[in-house]
Every structure is written in structure tokens, then in C-alpha cells.
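Working notes, beginning with the structure itself.
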Amino acid sequence: MTGDIVNLRQARKTRKRAEKTAKAAENRTRFGRTRAERARDALEESRATVRLDGLRRERPDAPDEV
């Protein structure tokens, strides 16, 4: 009736590492976006900004004429 000897310190560290890994995987699925997705979104945003600025009636950088 001899059981395996377990080092509690190592068991705690192993359990903590497993929890960190699980939390990291959850965060990746929750918040993660690929570099290509971020680049695509930035490009779309800049195109939209340029298009909206081109459609303005008055330029914000032009001085007011009185």
C-alpha cells in the first residue's frame, strides 16, 4: 500500500502553468486577431477617411475668407 510520492511544490507549479495556458488560449480566441486582419482593418479605415475628406464641402485646413 505504498503510494507515489508527490512533491507538492512541483504539483502546484504544474497546476498553475496549466491554468495560465488555458487562460491564454481563452484570451487568444476572445481578443486575438491576426496581423493580416489588423492591417486590412487599418487600410479600410484609412480609405474611408480619405474618401470622407474628399467629399467635404469645406476644407478644415483652409483659412476662413471673410
Side-chain angles (χ1 to χ4, degrees):
M1 278 197 69
T2 60
D4 293 333
I5 297 175
V6 176
N7 187 335
L8 296 178
R9 179 178 50 84
Q10 288 178 342
R12 279 192 294 267
K13 285 184 178 184
T14 303
R15 186 180 68 230
K16 191 172 183 179
R17 282 188 201 112
E19 289 172 0
K20 280 186 176 183
T21 303
K23 180 72 171 172
E26 179 184 336
N27 285 339
R28 278 193 301 273
T29 57
R30 197 184 233 180
F31 302 110
R33 292 179 12 199
T34 64
R35 181 177 295 195
E37 289 172 335
R38 289 193 303 264
R40 184 195 64 222
D41 291 345
L43 181 64
E44 288 175 359
E45 184 177 340
S46 68
R47 283 182 179 167
T49 303
V50 168
R51 184 172 186 278
L52 286 174
D53 287 345
L55 295 174
R56 287 186 186 269
R57 291 181 179 216
E58 300 172 0
R59 298 275 180 188
D61 55 345
D64 291 333
E65 295 180 18
V66 179

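Everything numeric here is computed off the predicted structure, so don't read it as measured data. Just so you know, residue 1 is the first one in the sequence shown, and it goes up from there.
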Around E45, counting heavy atoms of other residues, nucleotides and ligands shown, do more than 12 lie under 6.0 Å from its CD?
no
Any carboxylate oxygen within less than 4.0 angstrom of a Lys/Arg side-chain nitrogen, looking at R38 and D41?
no
With rounding to the nearest 0.5 Å, note down the distance linking CG in L8 to CZ in R15.
9.5 Å
Straight-line distance of R47 CZ to T49 OG1, nearest 0.5 Å:
12.0 Å
In Å, rounded to the nearest 0.5 Å, how long is the span from CZ of R40 to CZ of R33?
8.0 Å
Whether the side chain of Q10 engages the backbone of N7 through a donor-acceptor N/O pair (distance < 3.5 Å, no angle test) should be reported.
no
Rounded at 0.5 Å granularity, tell me how far CD in E37 sits from CZ in R35.
12.5 Å
To the nearest 0.5 angstrom, please state how far the NZ atom of K20 sits from the NZ atom of K23.
12.5 Å
